[in-house]
Amino acid sequence: MTTAKKALLALALMASCGTPKTVSETVTDPEIEAANALAERVVPSYSDNIKFEHLPDTLEAYELESVGDLVVIRGSSALSMAVGLNRYLSDYCHSDVSWYASEAVTVPSKMPSVPAKVRSESVLPERFFLNYCTFGYTMPWWKWEDWERFIDWMALHGVTMPLAITGEEALWQEIWRRRGMTDDDIRSYFTGPAHLPWHRMCNIDGVDGPLPQGWIDSQAELQKKILERERSLGMKPVLPAFGGHVPAQLKALYPDADISDIKGWGGFSAQYLPHFLAPTDPLFAEIQKEYLNAQTALFGTDHLYSIDLFNEIEAPSWDPETLAAYAQSTYGSMAAADHEARWVQSGWMFHYDRKHWTPENVKAYLTAIPEGKVILLDYYIEHTPVWTLTESFYDQPYILCYLGNFGGNTRISGPFVTLSERISDALDNGGDNLIGIGSTLEGFGVNPWIYEYVLDCAWDGPDDDKWLSNLADKRLGYKSAEAESLWKDFAYGCYVHGSISECPLVCGRPCLEGWWHWTVIHKLRFENSLLLDLTERLLALPSDSDSYRFDAVNLTCQFLSNRFAELRDCFTAAYKSGDFDEAERLATGMKDLLADIDLLAAAEPEFRLDRWISAAEAFGRTEDEKRYYATNARHIVSTWGFTRNLKDYGSRLWSGLISSYYAPRWEMWLDEILDCMASGRTFSEEETDRRIDMFETRWVEGLEPIPTIPAPEDWKALALKLIAKWK
């Protein structure tokens, strides 16, 4: 690490933590109080024997040491103490703290000691987490208990900059009221809860609207609790700011304003497309100041504001001078309301739309903002590290981000070795304006450990093999050489690639070859025989931890879904050769396999559709509202919107979703092909697609039954039985 970067780390720590504190300070210190409360929530049986103390370091660091019957965790801040606690739980207790509130934290009955003092220092001052999309694909139905566990998880992994966009609709409702709009118009402008991220990003308006008032009010109250807890642990939440997205009615109210129509997104018709107020228009700065003042009054501020001006949409002009003026005016509007404002800007658009975001345009846009007043998120480094294409973002501060998950798709993926190499390369060659690391995952999916790895890279830079060994032990709940070996084989053998919208073929629309649409790409990047071997080895290990069950069910379901793809290919070959008996046998097998996957997935709470639907319905105060929220919940994980473009983008290998949605589609398709083979008719893919379209609409509207699949009494016995049946 360079001398300049060390100095930057010291300045960042002093700015976030104030003057370093001494060990002698009392426990009334708010940072130590926050660390104590964290330990009480996460490991209450150990909390009386854990002592937190301050380190007087100017660099961010933590230490672990056993002193008598106590485990002493020293840190330069509440967050570094939290990271130290996580290190103790992981490396010495072999205990995993999941980001899911449904997974219990188990620890040894006897509290382990730390044999020798441990010290670790941060190599990067900032750790960013979340993506606008996560609030739709994972979090729309979260209550406080879900947020509480997740915030604790972020603290344990040292997140300094969590994206915090919950509840902003309450502020916008008041802003648009003042501008002359009615509540009915405003609530109809908003989308349903699960689609709000794309409304907030200026992609769509009104999908599954109007948004209930109860939702708007409750989310504002929830945001207050989220922010209070995040700040108590030393985080600096990134709040939203105005990015030019305005209701259609504003065009009539302000006919002279520079408001343009968004040309298109996701295949939606004009009635669902937003409107954009140019940052250079004086009205933009007025609205910005009004919004930021209202937000600060209600939620406070840490002076970090998220705006993505052109997320997957066309700018009104692509000449560099205009783009520079937009950037300059946007930052200027924030600074006028908050002179300490820093703009947090996604770098996704620089990857997504390389045609328009040429090096000339990117440079003009970024250099128009005062140096250091914008923080760029290098959004998708496993695919395209944008810092390598932009001279390290032309000296503006930036944060490396691993995306890793599109749409909350449940499939094993993530290029572990590539990710490790790219993080190391950036640390060595990315420049002194590299200030952080983080993740921009779209959904939580089924790969939690790789996001923990990314955040842990901010501390000394982990030894990959050692890190994987500790991971294996904490997922299992005890030290095991066999678990350590198989997890390395798993990480290096199966986590070899990550791409957009990959999912098990089970979750895609039926088709004879390949995949039906870009939203459901199915490519197996490793041999299924390798996954079978790893799964059998994992199932041979004893454990009663929730993390172990999650991993074992996940791997088994992935193996079975890969077998389904193999059966589909065999079925297609039988159909093309005209072998009816073989096609019928394979079709029966495919239907049987779908039922088996559905049954096993029910063993894991996070792989259940009924859990998702029930959480949505719980927001309803009336039966009509319950139906509304349930429809919105079904919508996002199935057809997504009213267009073909995004169907199945949010697919998940969930129990209940397989039996009620994916299996009926496959059965409809298989039965039609078999009927055509038996009768001599020509199979029409278009006609079958039309029938499936009608079924999907009925399913979203709640007109198709969704069975509740009971969790198997002995999930491991079932997993072993299904592996023996299908390998």
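Side chain to side chain, D308 and Y132 fail the donor-acceptor criterion of an N or O pair below 3.5 Å. Counted by atom type alone, N562 and Q558 present one or more donor-acceptor pairs between their side chains at under 3.5 Å. Side chains of E604 and Y100: a donor-acceptor N/O pair is absent below 3.5 angstrom, by distance only. Using modelled atom types, one finds no donor on one side chain facing an acceptor on the other under 3.5 Å when comparing D648 with H517. There is no side-chain donor-acceptor pair under 3.5 Å between Y662 and S651.
With ring centers used as reference points, Y379 lies 6.0 Å or more from Y352. For W198 and W640, the ring centers are positioned less than 6.0 Å apart. Centroid-to-centroid, the aromatic rings of W215 and Y628 stay 6.0 Å apart or farther. Aromatic pair W699/Y661: centroids less than 6.0 angstrom apart.
Ring geometry for H199 versus Y189: interplanar angle over 60°, hence perpendicular rather than tilted (30 to 60°). Aromatic ring pairs are classed by plane angle as parallel below 30°, tilted from 30° to 60° and perpendicular above 60°; the pair Y575 and F683 is perpendicular. Ring pair W265/F268 is parallel by interplanar angle, where below 30° counts as parallel and above 60° as perpendicular.
Pairing each heavy atom of A491 with each of W449, the nearest pair is CB-CH2, 3.9 Å.
For the side-chain hydrogen bond (donor to acceptor under 3.5 Å, both in side chains) condition, the pairs that include at least one residue of residues 707-717, sequence neighbours left out, are Y548-K716.
For NZ of K725, the number of neighbouring non-hydrogen atoms (other residues, nucleotides, ligands) closer than 6.0 Å is greater than 12.
By the side-chain contact (heavy atoms from CB on, under 4.5 Å) test, E536 is found to be paired with L532, I723, K727, residues two or more places apart in sequence or in another chain being considered. Annotation: ring-ring contact (aromatic ring centres under 6.0 Å, His included) contacts of F607 (sequence neighbours excluded): F550.
At a threshold of 4.5 Å between non-hydrogen side-chain atoms, the residues L653 and S561 count as touching.
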